[in-house]
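Here the structure comes first, spelled out in structure tokens, and everything after it is commentary.
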Amino acid sequence: MLTTYKHEPFTDFTVEENKVAFEAALKSVEAELGKEYPLVVGGERITTKAKIVSNNPSKKEEVVGIVSKADKEIAEKAIQAADEAFQTWRKVSPVERANVLVRAAAMIRRRKHEFSAWLVKEAGKPWKEADADTAEAIDFLEYYARQMIALKDGKQINSREGEHNSYFYTPTGVCVTISPWNFAFAIMAGTTVAPIVTGNTVLLKPASTTPTVAYKFVEVLEEAGLPKGVVNFIPGSGAEVGDYLVDHPKTALITFTGSRDVGVRLYERAAVVHPGQNHLKRVIVEMGGKDTVVVDREADLDLAAQSIVVSAFGFSGQKCSAGSRAVIHQDVYDEVLEKVVALTNELSVGEPETNDMYMGPVIDQAAFNKIMSYVEIGKEEGRLVAGGKGDDSTGFFIQPTVFADVDPKARLMQEEIFGPVLAISKAKDFDHALEIANNTEYGLTGAVITHNRARIEQAKQDFHVGNLYFNRNCTGAIVGYHPFGGFKMSGTDSKAGGPDYLALHMQAKTVSEMY
Ligand SMILES: NC(=O)c1ccc[n+]([C@@H]2O[C@H](COP(=O)([O-])OP(=O)(O)OC[C@H]3O[C@@H](n4cnc5c(N)ncnc54)[C@H](O)[C@@H]3O)[C@@H](O)[C@H]2O)c1
Ligand SMILES: N[C@@H](CCC=O)C(=O)O
């Protein structure tokens, strides 16, 4: 019997013992930098000539891992291995499947700082962000294990005299998991184990910037007792391997987390029925955000400024949930803006290895260039009040940047920048603030800072986002506490870490037997 689910606590790095332990983990990871990792297909290790090289975004020259790269031929082999493994894995009891996740969670918990240290190196995460990413990966394993046990007997339905009816969930088939780099552990792990615990088999294609941590996770699943072929590790080009897997007639389920453009393309492709395919593919697509913190005139203005800054600049704004826009009531606009600028100017940016930096680098050169081009756009569209500079000489560092007085329809207020750039608009009143908050194509997260109960109720009805928060920041959803997923072009609102999530990976079956 499992204990009641509780989320994994975050590490307090002001405690000397924790700091020392994390430094030791970083040292041990440093000793492993630059190693090579194979693909894993049906349990077999495959080394290819073509490689994906992942570098430390804060020290461009530092190679973190060199990972073999799958092509179409290997992708085909992996699909066959996953299909074969499905025939037995689907019959393994849900409790046994759940136990694999619980064992894996325990193993990761014992190596928690080591995994977080990999995230510092490979994703450029400051310690606190890396620790939260690892904690969330553990949470997904623990939460989905318990959810599967709760669903194992299906749900109660009615029977009539002489008839016995039952309703239960069955596995779907081969699942393609395509994950992003920004929660290189948590989202990769969560979107891998949800299909596994529900009895499906998985082809895992992690992001090319963060494949090492994904390989380490696959090793843990194997050590936890996952049979060969249930998870297959096949990093590769999104365009080549991604398309091949999405189009394949044996693919039953696709779970994608990433950008809007790739997600939409994949959603369209998955709708096409290919020769040899006798089913419709299930698709879970979680995409970007352009998330807003709204500040009412009746609000704690210090809390408002803190919420805006934390939402905008945590992990350098590289969260789909990032509050990259703030909309402030005109009566308190100047005061909140002044506080936001003061807090922003206190933030430090630099190599995250030593835990004295609030923000590390952005992920790579392409991201650096894109974000800096938005800084230039911002200079045309608004008033630069903080930051505005970047330095890519040794790593990809960008100052936390704030633009004030931006028109609600300006590009800076509409497009996902995915970096430390905050745009601020002034609202005439609360209705106007909500109108601006809703005026993008996205609908992922949002926050409202207000003391006014009527406005809280109004926002609950009218602020059209999947995750709405009051009097706090709009990032940092916790598995099992804040099920996560967005409306509109932010995705299929599948609510990762929530009670309805696992059912999306299964087929409900009705059985009726006459006595
Ligand atoms: N809604 C959410 O829960 C959520 C969570 C995290 C990140 N995101 C979003 O993800 C984006 C950042 O992540 P990213 O830069 O890794 O996104 P991305 O779309 O560039 O890549 C995501 C994954 O898709 C793969 N890919 C790329 N082209 C492909 C193709 N043609 N076919 C199949 N796969 C392909 C990539 O290799 C990667 O594994 C942001 O837009 C962010 O908002 C959303
Ligand atoms: N679930 C995370 C965001 C994931 C996307 O990047 C949060 O709530 O901040």
Side-chain angles (χ1 to χ4, degrees), residues 52 69-70 75 123 129 132-133 135-137 139-140 176-188 190-191 203-211 214 234-247 251 254-270 283-291 310-311 314-324 362-364 366-367 370 415-419 442-447 465-467 469 472-479 481-498 501:
I52 294 172
K69 188 175 180 188
E129 300 282 347
D133 195 336
E136 191 175 357
D139 288 346
F140 277 130
V176 174
T177 293
I178 300 178
S179 56
W181 53 266
N182 72 326
F183 280 78
F185 194 9
I187 293 180
M188 178 276 302
T191 54
L203 305 166
L204 168 60
K205 199 215 83 54
S208 298
T209 34
T210 53
I234 48 164
S237 139
E240 187 190 356
V241 172
D243 283 354
Y244 188 79
L245 298 175
V246 168
D247 294 347
T251 297
I254 299 158
T255 171
F256 167 88
T257 313
S259 61
R260 176 208 183 281
D261 290 354
V262 174
V264 169
R265 183 171 179 277
L266 185 151
Y267 196 69
E268 287 169 359
R269 286 188 87 99
V283 187
I284 295 171
V285 175
E286 292 304 319
M287 308 187 286
K290 188 71 189 170
D291 311 303
V310 168
S311 302
F315 188 38
S316 308
Q318 300 173 112
K319 298 183 187 184
C320 55
S321 53
S324 56
V362 299
I363 191 70
D364 58 16
K370 177 183 163 190
E415 297 171 16
E416 188 187 47
I417 301 171
F418 221 56
Y442 295 108
L444 189 47
T445 76
V465 291
N467 282 60
Y469 303 97
R472 53 157 287 183
N473 54 309
C474 65
T475 55
I478 305 277
V479 171
Y481 296 67
H482 314 118
F484 190 80
F487 301 163
K488 293 156 76 181
M489 294 311 288
S490 291
T492 46
D493 190 40
S494 42
K495 290 289 188 275
Y501 190 67

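Note that ligands are numbered from 1 as they come in the structure, with each ligand's atoms numbered from 1 the same way. Given the structure is predicted, the values throughout are model-derived calculations rather than measurements.
- Neither side chain, Ser259 nor Asp261, offers a donor N or O lying under 3.5 Å from an acceptor on the other.
- Checking atom 21 (O) of ligand 1 against the protein gives no heavy-atom contact under 4.0 Å.
- A distance of 7.0 Å separates CD1 in Ile478 from CG in Asp139, rounded to the nearest 0.5 Å.
- Of the listed residues (Gly289, Ala496, Ser321), the one carrying the non-hydrogen atom nearest atom 2 (C) of ligand 2 is Ser321.
- Taking a 6.0 Å sphere around OH of Tyr244, one finds it holds more than 12 heavy atoms contributed by other residues, nucleotides or ligands.
- Checking only distances, Val262 never comes within under 3.5 Å of ligand 1, N or O to N or O.
- Distances from atom 9 (C) of ligand 1 to the heavy atoms of Ala214, Ala207, Gly258 show the closest one on Gly258.
- Among protein heavy atoms, atom 8 (N) of ligand 1 sits closest to Cys320 CB, 3.6 Å.
- At a 4.0 Å heavy-atom cut-off, ligand 1 does not touch Lys319 at all.
- Counting heavy atoms under 4.0 Å from ligand 2, residue Thr475 touches it through both backbone and side chain.
- The contact set between ligand 2 and Asn182, taken as ligand atoms under 4.0 Å from a residue heavy atom, comprises 5 (C), 6 (O).
- The closest approach between a heavy atom of Pro206 and any atom of ligand 1 is below 4.0 Å.
- When atom types are taken as modelled, the side chain of Asn467 and the backbone of Pro483 share a donor-acceptor pair closer than 3.5 angstrom.
- Closest to atom 13 (O) of ligand 1 among all protein heavy atoms lies Pro180 CB, 3.6 Å.
- Looking only at protein heavy atoms, the nearest one to atom 32 (N) of ligand 1 is Gly238 O, 3.2 Å.
- Proximity to Ile187 (heavy-atom distance under 4.0 Å) selects the following atoms of ligand 1: 5 (C), 6 (C).
- Distances below 4.0 Å separate heavy atoms of Arg265 from the following atoms of ligand 1: 31 (N).
- Of the protein's non-hydrogen atoms, the one nearest atom 5 (C) of ligand 2 is Cys320 SG, 2.3 Å.
- Scanning the protein for heavy atoms near atom 41 (O) of ligand 1, the closest one is Glu416 OE1, 2.6 Å.
- Lys290 has its side chain within reach of Ile417: a pair of non-hydrogen atoms, C-beta onward, lies under 4.5 Å apart.
- Closest to atom 12 (C) of ligand 1 among all protein heavy atoms lies Phe418 CE2, 3.5 Å.
- For atom 15 (O) of ligand 1, the closest heavy atom belonging to the protein is Trp181 NE1, 2.9 Å.
- Scanning the protein heavy atoms around atom 19 (O) of ligand 1, the nearest turns out to be Ser259 OG, 2.6 Å.
- Side-chain N or O atoms of Asp291 include none that pairs as donor or acceptor with a backbone N or O of Gly446 at under 3.5 Å.
- A salt bridge is absent between Glu415 and Arg260: the closest approach of a Lys/Arg side-chain nitrogen to an acidic carboxylate oxygen does not fall below 4.0 angstrom.
- Of the possible polar contacts, none joining the Ser311 side chain to the Ala322 backbone as a donor-acceptor pair under 3.5 Å is found.
- Ion pairing of Arg265 with Asp243 is present here, as a side-chain N (NZ or NE/NH1/NH2) and a carboxylate O approach within less than 4.0 Å.
- Side-chain atoms of Ser494 and Glu286 form a donor-acceptor pair, as typed in the model, at a separation below 3.5 Å.
- Close contacts between ligand 1 and Thr257 involve ligand atoms 2 (C), 3 (O), 4 (C), 5 (C), 6 (C), 22 (C), 44 (C) [criterion: under 4.0 Å to a heavy atom].
- Not a single heavy atom of Arg269 lies less than 4.0 angstrom from ligand 1.
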### Message
Assess the residue pair Lys319 and Glu129 against the criterion (salt bridge (Lys or Arg N to Asp or Glu O under 4.0 Å)); give the C-alpha distance rounded to whole Å, side-chain angles, the decisive distance to 0.1 Å, and a yes or no.
### Response
CA-CA 11 Å; Lys319 298 183 187 184; Glu129 300 282 347; 3.1 Å; yes
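- Without hydrogens or angle criteria, Thr210 side chain to Ala123 main chain gives no donor-acceptor distance under 3.5 Å.
- The contact set between ligand 1 and Ile178, taken as ligand atoms under 4.0 Å from a residue heavy atom, comprises 23 (C), 24 (O), 25 (C), 33 (C), 34 (N), 39 (O).
- In this structure, atom 8 (O) of ligand 2 lies nearest to the protein heavy atom Ala477 N, 2.8 Å.
- Between Phe183 and ligand 2, a contact under 3.5 Å exists for no N or O pair.
- The closest approach between any non-hydrogen atom of Ser179 and ligand 1 is below 4.0 Å.
- The main-chain N or O of Val310 is never found under 3.5 Å from a side-chain atom of Asn473 such that the two would form a donor-acceptor pair.
- For ligand 1, the atoms sitting less than 4.0 Å from at least one non-hydrogen atom of Phe256 are 19 (O), 22 (C), 23 (C), 24 (O), numbered in the order shown with element in parentheses.
- Shown in contact with Asn182 at under 4.0 Å from a heavy atom are these atoms of ligand 1, numbered in order with element: 6 (C), 7 (C).
- The protein atom (non-hydrogen) at minimum distance from atom 36 (C) of ligand 1 is Lys205 NZ, 3.9 Å.
- For the atom pair Thr191 OG1 and Leu204 CG, the distance stands at 7.5 Å (nearest 0.5 Å).
- Not a single N or O atom of Phe183, backbone or side chain, sits closer than 3.5 Å to an N or O atom of ligand 1.
- Within the 3.5 Å criterion, the main-chain N or O of Cys474 finds a donor-acceptor partner in the side chain of Thr445.
- Residue Asn182 comes nearest to Asp133 through the heavy atom pair O-OD2, 4.1 Å, listed as atom of the first residue, atom of the second, then distance.
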